[in-house]
Number of protein chains: 2
Amino acid sequence: MPHSDEVIRAAGLKVTPVRRAIVALFAESLRPLTPRDVHVRLLEQFSRSGLPGVYRNLETLAERGILFRIAGFGQVRRYALCPKPGSGHQHHIICVACGRIDRIDECLYHDGMMVGGYRLLSHTMQFEGVCASCLSETNNGQS
Amino acid sequence: MPHSDEVIRAAGLKVTPVRRAIVALFAESLRPLTPRDVHVRLLEQFSRSGLPGVYRNLETLAERGILFRIAGFGQVRRYALCPKPGSGHQHHIICVACGRIDRIDECLYHDGMMVGGYRLLSHTMQFEGVCASCLSETNNGQS
DNA sequence: ATCTTAAACGGAAAACATTTCCATTTAAGA
DNA sequence: TCTTAAATGGAAATGTTTTCCGTTTAAGAT
Ligand SMILES: [Mn+2]
Ligand SMILES: [Mn+2]
Ligand SMILES: [Zn+2]
Ligand SMILES: [Zn+2]
């Protein structure tokens, strides 16, 4: 009924209850989710949800530009909703103090540019830092 | 006998035959090596080399600043020799045409700078592109 | 309202990379 | 030599992701 169906259908995918729930989950979530996160949440609604189905759906949704696959924080994969379906790659930063993950909108690299003698085709980055609220709390923001 | 012993000893580690061979391997290798790569090469000299020992050694050598651990190219870890023991982090680029991996020496990010409202503590990056020699071969170097 | 079929599904098992455990060996300093 | 903490190999565990396969289902056509 909500908005998820449109997105799924527009991507040329079947609208299934599981898939609808997954997209809704990301639409509501403020943070990237791991396959395990998604699976746990799905089990609340579908007692027989399987992890392979979750992986399949997340990959499919990423291929269709609905989700973005985040790698590089540990060996655990995460996915985030694309701001608009089909919008490009993303970069993220994790706060070492509170674990929060945010999307970084600026990027200093652009595909096509020359880097170390290579013509750049794609790039991924992972940042670690201290978020604004943790900075102010712990007062190690300056000096 | 060669230079490896000094490096190992200077790091406060025992000089064992396996460890000496590992450091020598990296000193001779022009490219980063996976734990599996290292293990295969070790088996040529030590028929009873174990993979856990390889992992242990690579991590130990990385902790001591002799090797640098490269993550983010697929789910396979790689290690490269640090230009000088204790030199900082590295970034790498892989050629999608020939698979070659090179170290990138310039970097546009610096820890301490502000990124997306966070104070940056560390960062990793992985680049994909086409290397100079593949660029000239396939003549898709310009426009 | 059925029929048909490719897509999607769940469950079990496999595939991999990495880690843990533990008993044995060994480098290095006394 | 002697002593001991560090290092080692092998087996097994871990944790994530993938593959296989038989069953179910969404969606378009009848
Ligand atoms: Mn970018
Ligand atoms: Mn850097
Ligand atoms: Zn924080
Ligand atoms: Zn190349």
J.: Look at B:Arg19 and D:dT8 and indicate whether a side-chain polar atom (N or O) is within less than 4.0 Å of OP1 or OP2.
T.: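 True: B:Arg19 side-chain N/O within range (under 4.0 Å) of D:dT8 OP1/OP2.
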J.: Do B:His123 and B:Cys107 come close enough that some side-chain heavy atom pair is under 4.5 Å?
T.: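 A side-chain contact under 4.5 Å exists here.
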J.: Does any part of the side chain of A:Leu58, heavy atoms only, come nearer than 4.5 Å to the side chain of A:Leu33, both counted from C-beta?
T.: no
J.: Taking side chain as C-beta onward, heavy atoms only, is B:Val38 less than 4.5 Å from B:Phe26?
T.: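 The answer is yes, as the side chains (C-beta and beyond) meet within the 4.5 Å cut-off.
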J.: Which whole-number value in Å describes the distance from A:Leu58 CG to C:dC9 C1'?
T.: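 To the nearest whole Å, that distance equals 14 Å.
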J.: For B:Ile101 versus B:Pro32, what's the shortest heavy-atom pair and its separation?
T.: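 Heavy atoms of B:Ile101 and B:Pro32 come nearest at CG2-CG, 3.9 Å.
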J.: Could you encode protein contacts along nucleotides 19-30 of chain D as a string, one character per nucleotide from 5' to 3', using B for base contact, S for sugar-phosphate-only contact and - for no contact, with a heavy-atom cut-off of under 4.0 Å?
T.: B-----BBS---
J.: Under a 3.5 Å cutoff, is there a donor and acceptor pairing between the side chains of B:Thr60 and B:Asn57?
T.: no
J.: Which residues, if any, of residues 61-80 of chain A bring a heavy atom under 4.0 Å of DNA chain C?
T.: none
J.: Quickly work out the A:Phe46 CZ to C:dA8 P distance and round it to whole Å.
T.: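 Distance check: A:Phe46 CZ to C:dA8 P gives 15 Å.
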J.: Check this for me, if you would: do A:Arg31 and A:Asp102 make a salt bridge, where the nitrogen-to-carboxylate-oxygen distance has to be below 4.0 angstrom?
T.: yes
J.: Tell me whether the OP1 or OP2 atom of D:dT18 has a side-chain N or O from A:Tyr55 closer than 4.0 Å.
T.: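 Looking at the OP1 and OP2 atoms of D:dT18, neither is under 4.0 Å from any side-chain N or O of A:Tyr55.
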J.: Between A:Phe73 and A:Phe68, is there shared hydrophobic-cluster membership here, with clusters defined by ILVMFWY side-chain heavy atoms closer than 4.5 Å?
T.: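 Yes: a chain of side-chain contacts under 4.5 Å links A:Phe73 to A:Phe68.
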J.: Apply side-chain contact (heavy atoms from CB on, under 4.5 Å) to the pair B:Val18 and B:Ser49, showing each step before the final yes or no.
T.: CA-CA 8 Å; B:Val18 170; B:Ser49 159; 5.5 Å; no
J.: Walk me through whether B:His91 and B:Arg103 qualify under side-chain contact (heavy atoms from CB on, under 4.5 Å).
T.: CA-CA 6 Å; B:His91 305 298; B:Arg103 179 159 46 87; over 6 Å; no
J.: For A:Arg20 and A:Asp5, what are the C-alpha separation, side-chain angles and deciding distance, and is it a side-chain contact (heavy atoms from CB on, under 4.5 Å)?
T.: CA-CA 6 Å; A:Arg20 180 178 10 230; A:Asp5 290 21; 2.7 Å; yes
J.: Looking at A:Phe46 and A:Ala21, what are the two nearest heavy atoms and their distance?
T.: CE1-CB, 3.7 Å
J.: Assuming nearest nucleotide by heavy-atom distance, tell me which of B:Leu51 and A:Ser49 is located more 5' along DNA chain C.
T.: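 Result of the comparison: A:Ser49.
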J.: Should B:Asn57 be listed as having a side-chain N or O under 4.0 Å from OP1 or OP2 of D:dT8?
T.: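 For B:Asn57, the contact criterion (side-chain N or O under 4.0 Å from OP1 or OP2 of D:dT8) is met.
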J.: Strictly below 4.0 Å, heavy-atom distances to any atom of DNA chain C: list the hits from residues 30-41 of chain B, or just say none.
T.: B:Pro35, B:Arg36
J.: In the structure shown, which nucleotide is the Watson-Crick or G-U wobble counterpart of C:dA30, with both distances under 3.5 Å?
T.: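 For C:dA30, the partner nucleotide comes out as D:dT1, under the 3.5 Å rule.
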